[in-house]
Structures are given as C-alpha cells and as structure tokens.
Amino acid sequence: MTSRRGRIMADVLEAAENASPVEAVEAVTRVLGKTLGAHDVAFLIADLSGRALVRLAHVPPDGAGAGRRDADEVAMVMPFDGGPAEQALRTQTTQVVPQPDGWVVLAPVTDRGEAIGLLEMSLPDEPTALTLEEIGRTAHALAFVVIANRRYTDLFEWGQRTTPFTLSGEIQRRLLPSSFTCEGSAFTLSGWLEPAASIGGDTFDYSLARDVLHFSVTDAMGHGVTSALTATLGVGSLRNSRRRGVGLVQQADAANADLVENATVPGSYITAVLGRLDLRTGVCALLNAGHVPPMLMRDGGTEALPLPAGFPLGMFAEADYRAGEITLRPGDRLVVVTDGVRERNAASLDLPEVLRSTSGLHPREAVRALADAVLDISGPTLADDATLFILDWYGGHSEDRRTSAGADQRRASTALPD
C-alpha cells in the first residue's frame with residue numbers, strides 16, 4: 001500500500017510540474033483517473049461568492065460549451081442546492097452518489113480548512129473504504145497543485161468570479177489574505193467579506209508566527225476607488241510594521257502617521273481592530289481604533305469586549321492608542337465585524353441570536369451563514385461592505401492537529417445551517 005501511495009503521489013507531482021500552470025490541474029486529474037480506474041475526473045472550484053461551485057473546462061474555439069467563456073476556456077456555475085456537492089464542500093466529508101452507470105465520488109479539495117473545491121470522480125464500481133481513502137488523499141494533494149499554480153495564472157481567479165469586479169473591487173481583493181480560513185492545533189479562524197455595490201474599503205488580515213497569531217479587521221472611510229486606496233495605505237502600513245516585529249500600539253501609531261501623511265484625500269481614515277494572540281497561553285491583546293467592539297462568545301453568552309477607546313487611524317496626527325487584553329479559554333469564540341453588519345436595514349439583525357445559532361458551525365461556515373443573514377435582511381445589494389472574522393480557541397498549541405485530507409475532522413461542520 002505504501003508503495004502504491006508513493007507512486008500515486010510521485011505521478012501527481014510529475015504531471016503537475018511537467019504541465020504549464022493553466023494545464024496542471026487537468027494533467028493531474030488525468031493521472032488520477034488512470035490510476036484509480038475512473039471513467040471521468042474533474043476539478044470543481046469554489047466560487048468567490050461562497051454559494052456555488054464552478055466547473056472549469058478547456059474547449060476548442062469552435063467547440064460547444066455552455067457557461068461563461070473566455071476564448072477556449074469555459075466556466076459553468078453550479079449554484080448550491082443542498083445536494084451532495086454542497087454537502088461535501090461545506091461539511092468536508094466525501095460523498096458517494098449512485099448513478100445509473102456507476103458511482104460518483106465527490107471529495108473535498110482542502111488545505112488547512114480552506115475549502116478550495118471538489119474532486120469529482122466517476123467510477124464503474126462502488127468504491128471500497130480503501131479506495132475512498134486514496135481518493136481523499138489525492139484530493140488533498142490536488143489542493144497543493146491548485147495553490148502552487150494559481151500564482152502563475154488568472155485562470156482559477158477568472159473561473160471563481162461569477163460577476164465582474166470593479167476597479168475598487170480589484171484593489172480590495174488584493175488586500176485580503178490568499179486563504180480566508182486557517183486551522184491550527186490551538187485555533188481555527190475564518191474571515192468573510194460581503195462587498196457593497198460601491199466598495200466600502202473593508203479588509204481583514206492575519207499572519208501566523210511560531211507562537212503568535214496576528215490579525216486585523218479594518219474599514220476605510222468612504223466608497224469606491226478612494227476608499228480602496230485608503231485601505232491600501234492602512235493595510236500596507238500595518239503589514240509593514242507587523243513584519244518589523246513591533247507591538248499593536250506601535251502598529252497603530254505607524255498606520256495613523258502614514259495615513260495622515262499620505263492619504264489621497266486629506267482627512268481619510270480607517271477604523272480597525274488589531275489583535276495579537278499568544279498561542280502558548282491564550283492571552284489575546286486587542287486594540288480598537290474607532291471600530292465596532294469585538295465580541296466574545298463564552299459559555300453560551302455573547303458580550304462586547306470593553307477595550308480602551310481610540311480614534312480611527314489617520315483622523316488625528318496626535319492620536320493616542322492603547323491595547324486591552326483578554327485570556328481566552330478553550331471553547332471561546334472571538335467575533336469581529338465591520339459596521340456594514342449593523343448599518344441601515346442590517347441594524348435590525350439580532351446579531352447575538354444569529355451568533356448563537358451558528359455557534360456549532362466551523363468558522364468557515366459560520367461567517368458565511370452570518371453573511372447570508374445580513375443579505376436576507378438588507379437585500380442583495382448592500383449599502384456598505386459587511387466583513388466578519390471569527391476565531392475559535394481550543395488551547396493545546398503544542399499538540400498536533402488530527403486531520404483527514406486537509407481538514408481537522410474534530411472541527412468539521414456536521415450540519416448545514418438552515
């Protein structure tokens with residue numbers, strides 16, 4: 001078995017490396033199909049909306065192909081309908097579906113909890129437990145192929161975009177982390193941004209050090225390109241100072257000064273929550289610069305954390321910033337949102353109740369369920385960006401994760417939200 005596994009992985013890596021970046025996934029799926037005796041193999045990538053999968057295909061210019069086209073590339077959107085594909089992606093469990101002429105296996109393509117898409121395989125015979133294990137492992141390998149090759153091509157990004165981006169949306173997209181979800185031994189985090197019709201300048205960010213997790217949620221003043229440029233200054237400054245190893249107060253001071261000096265529109269500012277979590281102890285330092293207070297969910301209750309008040313970054317040159325501190329307990333959930341979750345029609349959303357109703361979901365699914373709740377109340381077009389960031393704390397930083405095919409099975413969602 002070990003030699004077979006090793007041969008499959010070697011063949012996958014060789015196929016990926018020998019193909020061009022735009023053909024790497026197709027090359028790998030061909031190898032997988034041949035090795036596992038599949039009639040057909042396809043990769044379905046998760047749409048950026050979080051509410052659909054997209055089937056990418058290469059079709060000659062004169063060939064038939066339904067769906068959105070770009071030259072000889074075709075993207076067919078498959079909206080979630082509660083069926084096996086949605087179940088596989090959102091619960092991170094392989095689904096086996098009987099068909100008139102065989103069986104279809106849908107395996108999550110995942111890395112550290114980031115749901116990249118699905119591996120779809122059509123098999124002539126019902127797969128054994130051993131075959132399903134191999135498919136899950138190869139789906140995990142496919143995640144690395146996608147991650148590595150999407151750096152070199154726009155194909156995957158193009159396929160994921162159900163609707164075109166504005167210039168401000170393009171700028172904002174580049175400010176977000178490359179993965180919206182990250183699982184560690186002691187924590188799981190996930191962020192989500194539901195954009196307004198005219199981009200509102202929201203961002204979230206995180207970075208993992210050996211024993212420390214850094215994170216931030218920011219909201220730039222205004223809308224459109226001006227707001228996106230203000231957000232660029234703020235996020236760029238925060239990342240620059242964070243990478244120099246300075247603390248939260250120094251990060252806020254630097255971003256404040258950089259915005260005052262360089263803002264495209266004088267007086268532009270950013271509200272922000274900055275966080276620094278010690279993964280060994282659970283001690284979390286938090287700094288609030290004019291932002292919606294972060295919330296702590298503990299033992300079934302939800303409370304806004306009382307932090308020292310600070311002015312938004314860039315509002316006043318002589319602003320003074322202070323950080324507060326909380327020690328997280330295993331089972332705690334920290335939630336940070338932007339004011340788009342509370343503005344106008346969304347103000348009627350009972351956020352504590354929605355948070356309680358999603359408390360059993362993986363953070364990846366909880367942020368999307370919260371975004372859906374905002375859209376249900378506000379309608380499909382938001383007046384302001386709505387950003388959500390959830391951090392679950394488990395403790396046990398020195399422990400290893402217990403994973404299967406790229407996801408921590410102890411923390412996978414066991415049911416879809418209503």
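Here the structure is a predicted model, which is why all the values come from computation and not from measurement.
Qualifying salt bridge (charged side-chain N to carboxylate O under 4.0 Å, His left out) partners for Glu126, counting only residues two or more places apart in sequence or in other chains: none. Judged as a side chain to side chain contact (heavy atoms under 4.5 Å, CB included), and not counting sequence neighbours, the contacts of Ser357 are Val354. Scanning for salt bridge (charged side-chain N to carboxylate O under 4.0 Å, His left out) contacts around Asp278 gives Arg280, with sequence neighbours left out. Applying the salt bridge (charged side-chain N to carboxylate O under 4.0 Å, His left out) test to Asp392 and every residue at least two apart in sequence or in another chain returns Arg333. In this structure Asp253 satisfies the side chain to side chain contact (heavy atoms under 4.5 Å, CB included) test together with Val249, Tyr321, sequence neighbours excluded. Annotation: ring pair (Phe, Tyr, Trp, His ring centres under 6.0 Å) contacts of Phe156 (sequence neighbours excluded): none. Contacts of Glu325 classified as salt bridge (charged side-chain N to carboxylate O under 4.0 Å, His left out), with partners at least two apart in sequence or in another chain: none. Residues satisfying the side chain to side chain contact (heavy atoms under 4.5 Å, CB included) test with Leu296, not counting sequence neighbours, are Arg298, Glu303, Leu305, Ile326, Leu328, Asp332. Residues that satisfy the side chain to side chain contact (heavy atoms under 4.5 Å, CB included) test with Ala85, not counting sequence neighbours, are Leu53, Leu106, Leu118.
Nearest heavy atoms, Ala196 versus Asp385: N-OD1, 2.8 Å. The minimum heavy-atom distance between Ala52 and Pro79, with the atom names listed, is CB-CA, 3.7 Å.
At a cut-off of 3.5 Å, with distance as the only test, no side-chain donor of Ser216 or Thr218 sits close to an acceptor on the other residue. Residues Ser49 and Asp47 have side chains that bring a donor and an acceptor to within less than 3.5 angstrom of each other. Glu120 and Ser122 share no donor-acceptor pair across their side chains, judged by distance under 3.5 Å alone. A side-chain N or O of Thr110 and one of Gln92 form a donor-acceptor pair less than 3.5 Å apart.
Side-chain contact between Pro312 and Leu259 is absent, with no heavy atoms from C-beta onward closer than 4.5 Å. Using a 4.5 Å heavy-atom cutoff, the side chains of Leu213 and Trp393 are not in contact. Within the 4.5 Å cutoff, no side-chain heavy atoms of Leu89 are placed close to those of Pro108. The shortest side-chain heavy-atom distance between Asp111 and His140 falls under the 4.5 Å cut-off. No side-chain heavy atom of Glu194 sits less than 4.5 Å from a side-chain heavy atom of Val374. Taking 4.5 Å as the limit, every side-chain heavy atom of Leu388 sits out of range of all side-chain heavy atoms of Phe204.
Taken to the nearest 0.5 Å, the CG atom of Leu375 stands 11.0 Å off from the CG atom of Leu370. Atom CG of Asp258 sits about 7.5 Å away from atom CG of Leu233, to the nearest 0.5 Å. Taken from CG in Asp372 to CD1 in Ile377, the straight-line distance is 12.0 Å, to the nearest 0.5 Å. Between the CG atom of Leu132 and the CH2 atom of Trp103 there is a distance of 10.5 Å, given to the nearest 0.5 Å. Rounded to the nearest 0.5 angstrom, Gln172 CD and Thr203 OG1 are separated by 8.0 Å. Note that the NE2 atom of His362 and the CD atom of Glu183 stand 4.0 Å from one another [nearest 0.5 Å].
The closest donor-acceptor contact from the side chain of Thr29 to the backbone of Glu26 lies under 3.5 Å. Not one N or O on the side chain of Thr35 forms a donor-acceptor pair closer than 3.5 Å with the backbone of Leu32. No side-chain donor-acceptor contact under 3.5 Å links Thr358 to the backbone of Leu361. Of the possible polar contacts, one joining the Gln160 side chain to the Ala46 backbone as a donor-acceptor pair under 3.5 Å is found. Proximity of a side-chain donor or acceptor of Asn256 to a complementary backbone N or O of Gly314 within less than 3.5 Å is detected. Here the side chain of Ser185 pairs a donor or acceptor atom with the backbone of His397 at under 3.5 angstrom. Looking at Gln251, its side chain does come within 3.5 Å of a backbone N or O of Val246 through a donor-acceptor pair. Between the side chain of His291 and the main chain of Ile270, no donor-acceptor pair closer than 3.5 Å is present. At distances below 3.5 Å, not a single donor-acceptor pair connects side-chain atoms of Arg55 with backbone N or O atoms of Met78.
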Candidate pair Asp219 and Thr338, rule side-chain hydrogen bond (donor to acceptor under 3.5 Å, both in side chains), full reasoning: CA-CA 7 Å; Asp219 183 0; Thr338 57; 5.0 Å; no
Chi angles and distances behind the side-chain contact (heavy atoms from CB on, under 4.5 Å) call for Leu279, Leu208: CA-CA 10 Å; Leu279 298 175; Leu208 186 63; 3.6 Å; yes
Test side-chain contact (heavy atoms from CB on, under 4.5 Å) applied to Thr327 and Thr281, step by step: CA-CA 8 Å; Thr327 299; Thr281 64; over 6 Å; no
Stepwise side-chain contact (heavy atoms from CB on, under 4.5 Å) test for Glu133 and Leu130: CA-CA 5 Å; Glu133 183 181 343; Leu130 191 58; 4.1 Å; yes
Candidate pair Ser179 and Tyr206, rule side-chain contact (heavy atoms from CB on, under 4.5 Å), full reasoning: CA-CA 10 Å; Ser179 173; Tyr206 68 88; 3.7 Å; yes
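Residue pairs meeting the side-chain hydrogen bond (donor to acceptor under 3.5 Å, both in side chains) criterion with at least one partner in residues 146-156, sequence neighbours excluded, are Glu114-Arg150. Screening residues 224-252 for salt bridge (charged side-chain N to carboxylate O under 4.0 Å, His left out) gives Asp205-Arg239, Asp205-Arg242 as the qualifying pairs, with residues at least two apart or on separate chains. Listed by first then second residue, pairs satisfying side-chain hydrogen bond (donor to acceptor under 3.5 Å, both in side chains) with a partner in residues 221-231 number zero, not counting sequence neighbours.
In the displayed structure, Phe180 atom CZ is contacted under 6.0 Å by more than 12 heavy atoms of other residues, nucleotides or ligands. Annotation: Gln250, atom CD; neighbour count of heavy atoms from other residues, nucleotides and ligands within 6.0 Å is above 12. Atom CZ of Phe80 has more than 12 heavy atoms from other residues, nucleotides or ligands within 6.0 Å. Heavy atoms of other residues, nucleotides or ligands lying less than 6.0 angstrom from CZ of Arg356 number more than 12.
Each of Ile390, Leu351, Leu334, Val336 was scored for a side chain to side chain contact (heavy atoms under 4.5 Å, CB included) with Met295, with one residue passing: Leu351.
The aromatic rings of Phe389 and Phe215 sit parallel, their planes meeting at an angle under 30°, below the 60° perpendicular limit.
For Arg161 and Glu170, the salt-bridge test passes: some basic side-chain N is under 4.0 Å from an acidic carboxylate O.
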